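From a predicted model like this one, the values you see are computed outputs, not experimental measurements. Just the heavy atoms: all of them, side chains too, but no hydrogens, waters or symmetry mates, feed the values below.
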Amino acid sequence: MRTSRLGIRGRLILNVLALVAISLWTLGVMLLRQNAAFLAAEQRERGRALATAVEKALGALNATGTAAPAGGPPLAAVQELLASLAEDPSIAGLTLRDAAGRTVAAAGSEPGKTADAASYALAPRGAPPASLVVAFAQGDRGRRAAYTHLQVLVQLGITALVLVLFLHLLVSVQIVGPLRRLAAAAGRIAGGDFDRPVGERGTDELGDLAAAFEGMRLRLREGRDLERARLEELRLAHADVVAKEAELLRAERLAAVGSVAASVAHEVGNPLGAVTGYLALARDESAPEAAREHLDRAERELLRIDRIMRDLLEYARPPRMDWSDLDLNALARDLAQHLRRQPDFAGVTLRLELAEGLPAVRADYHRLRQTLLNLALNAAQALRGAGTVTLATFGPAGGAGPGASVGDDGPGIPPEVLARLFEPFVTAGKGARGTGLGLAICRRAAEAMGATLTVRTEADAGTTFTLTFPEQKLDFEVH
C-alpha cells in the first residue's frame, strides 16, 4: 500500500504559509491597534465638535438675554439644543455643567463613570465658563470596530491566498518540474539508456545538478561503448582462435592422412599392380563366360581401390601450383563442351551464364578446371538424370573479386551432412559413386589458389557452390 508523503512543494508552501501567517497576524494586530486609535481620535474630534457647537449656542443665548443666571434652572433653549444633538446614533448622552460641576442641562443617558465619556471645557462669549460631558454610544463604536476588523481580515486573507497561489506556481515551475525531469533522467540512466541527454539547463543549483547528471551520462556512455568495443575485439579474437584451431586440427588431420596414404600407397600399390596384371592374363578368350564376368568385376573393384589411393595422395600431397592469368569465361565455355559429352549429363540440362567484362584471375589452370569439373559432376549426379545444372561466372562486388558458381535444382543437402561436407569421406547423399574426397580436394585446391569455396543449399530447391577469388590489386598506375 502506498503511503502518502508531503513533497518538497508542500513543505515549502506550508513553511512559507506559516511565515506569511505570522507576518500577516503581526500586521493585523498593528492595523487593529492603529484603527482603534483612529476611532478614539475620531470620537474625540466628534466630541470637540459638539462642545464647540454648544459653546457657540450658549454665547448666542447670552447675547439675546435668554440665559438664566448662574446656578439657575436649565434653560429651555439649551435643553432643546442638547436634545437635538443627542439624536446622533454615535452619542449616548450630553450633560452641560457649570464651573462648580452642577448639571445645568442634560439629554440622553448620564455618562456615569463609563470609559467612553469625555469632558470638554466651554468658554462661551459673555457667559460664565462651563463644561460639556459627552457619553459615546458603545454599540456604534463596536459595530465600526467589527466592520474595520472584518475589512482587515478579508484583506489579509486575499493577500495570503495570492501569496500561496504565486508560491505554488513558482515552486512548480522552477523547482518541482526540473526535479521531476532530473528524476526521470536518472531513472533512464539507471535503466541503461545513455543516449538521451538530460536536457535540463539553468544557471542555479538545479542547473549544476543537471550538468553533473549529464557528465555522468556521458561517462557511462563512453564506458559502455568501450566495453562493447572490447567485447567485439574479444569476439573477433575468439573467432580467430577457433578458426586457427580448426585449421590446426585440419592440418594435423592432413598430415596424418598423408602419412597413412603414403604408407598405404607404398604397401598396397605394388600388390594392386600385380593383381591387375594377373587378372589381365587370366581373362583370355579360353576362359569361360562366367569366369570372365567375375574377372571384370574384380578388375573394376581394383580400379576403384586404385582411384581411392590416388585421391588420398592428391588430398594429402602439398599442391604444386602453376600460376597464370586465366579467363573465367573461356574456361567455363571449354568446360561446358566437355561436360555435355559426359554420361552423367544424359537427360540433364546444362545452362551457361557468363558475366561480361570479367578481369583475369591468378590461378592454376589445371586445378581450377578440375575443381569446377568435380563440382559440376557432383551436381549432375545429385539430379539423377533429370534437372538443370547452371555454370555461371560473376564479376567483383562488395570488396570480393570475380569467381564462378555451379548450381543445381536438385533435392539439396541434408543438414547433418552440410556441417561436415568438406571433410574427407563425407558424401552429399546415399548411393554416391565417389570416394568422399572430391569436395575436400576442391576446397584444398581453392585455398591453395587464394580463393574461397562456399555452399548454399535449400531442401527441394537445389544447391549452389561458389568459388570466389580475392579482389585483384594492380601494382602499377594506369594513365
Side-chain angles (χ1 to χ4, degrees), residues 21 23-161:
S23 301
L24 292 180
W25 179 81
T26 304
L27 179 62
V29 171
M30 293 176 60
L31 289 176
L32 291 177
R33 289 182 177 180
Q34 185 178 6
N35 183 69
F38 174 77
L39 288 177
E42 186 181 9
Q43 281 186 347
R44 289 193 298 271
E45 291 298 324
R46 183 180 293 274
R48 174 59 60 186
L50 291 175
T52 302
V54 171
E55 186 180 47
K56 290 181 179 180
L58 289 177
L61 291 175
N62 184 60
T64 57
T66 58
L75 299 176
V78 175
Q79 185 68 34
E80 185 178 354
L81 173 63
L82 294 180
S84 63
L85 293 177
E87 292 178 357
D88 189 340
S90 62
I91 303 301
L94 296 174
T95 302
L96 180 63
R97 292 176 181 177
D98 58 10
R102 295 185 296 269
T103 300
V104 177
S109 61
E110 289 290 334
K113 295 184 179 180
T114 176
D116 288 337
S119 177
Y120 300 92
L122 302 179
R125 182 183 304 174
S131 63
L132 179 66
V133 179
V134 181
F136 297 100
Q138 293 275 359
D140 178 70
R141 183 177 178 180
R143 285 192 301 272
R144 295 179 65 185
Y147 178 72
T148 303
H149 292 174
L150 180 61
Q151 284 184 324
V152 171
L153 291 177
V154 169
Q155 291 176 357
L156 294 179
I158 293 175
T159 302
L161 180 61

**Q** Would you indicate whether the side-chain heavy atoms of I91 and R46 approach each other to under 4.5 Å?
**A**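 Yes, side chains in contact.
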**Q** Within a strict 4.5 Å, meaning less than it, do heavy atoms of the L94 and V54 side chains meet?
**A**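 L94 vs V54: side chains apart.
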**Q** For a quick test of reading the model, state the closest non-hydrogen atom pair linking A51 to Y120 and the distance between them.
**A**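 Closest approach of A51 to Y120: CB-CB, 3.5 Å.
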**Q** What distance do L50 atom CG and E45 atom CD have between them, rounded to the nearest 0.5 Å?
**A**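 L50 CG to E45 CD: 11.5 Å, rounded to 0.5 Å.
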**Q** Let me know which of L82, L132, L96, T95 forms a side-chain contact (heavy atoms from CB on, under 4.5 Å) with V104.
**A**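 Going through L82, L132, L96, T95 one by one, the side-chain contact (heavy atoms from CB on, under 4.5 Å) with V104 is satisfied by L96 alone.
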**Q** Restricting to non-hydrogen atoms, name the atom on A123 and the atom on E55 that form the minimum distance, rounded to 0.1 Å.
**A**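 Closest approach of A123 to E55: N-OE2, 2.7 Å.
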**Q** Looking at every heavy atom in both S119 and S131, which two are closest together, and how far apart are they?
**A**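 Nearest pair, atom of S119 first, then S131: OG-CB, 4.1 Å.
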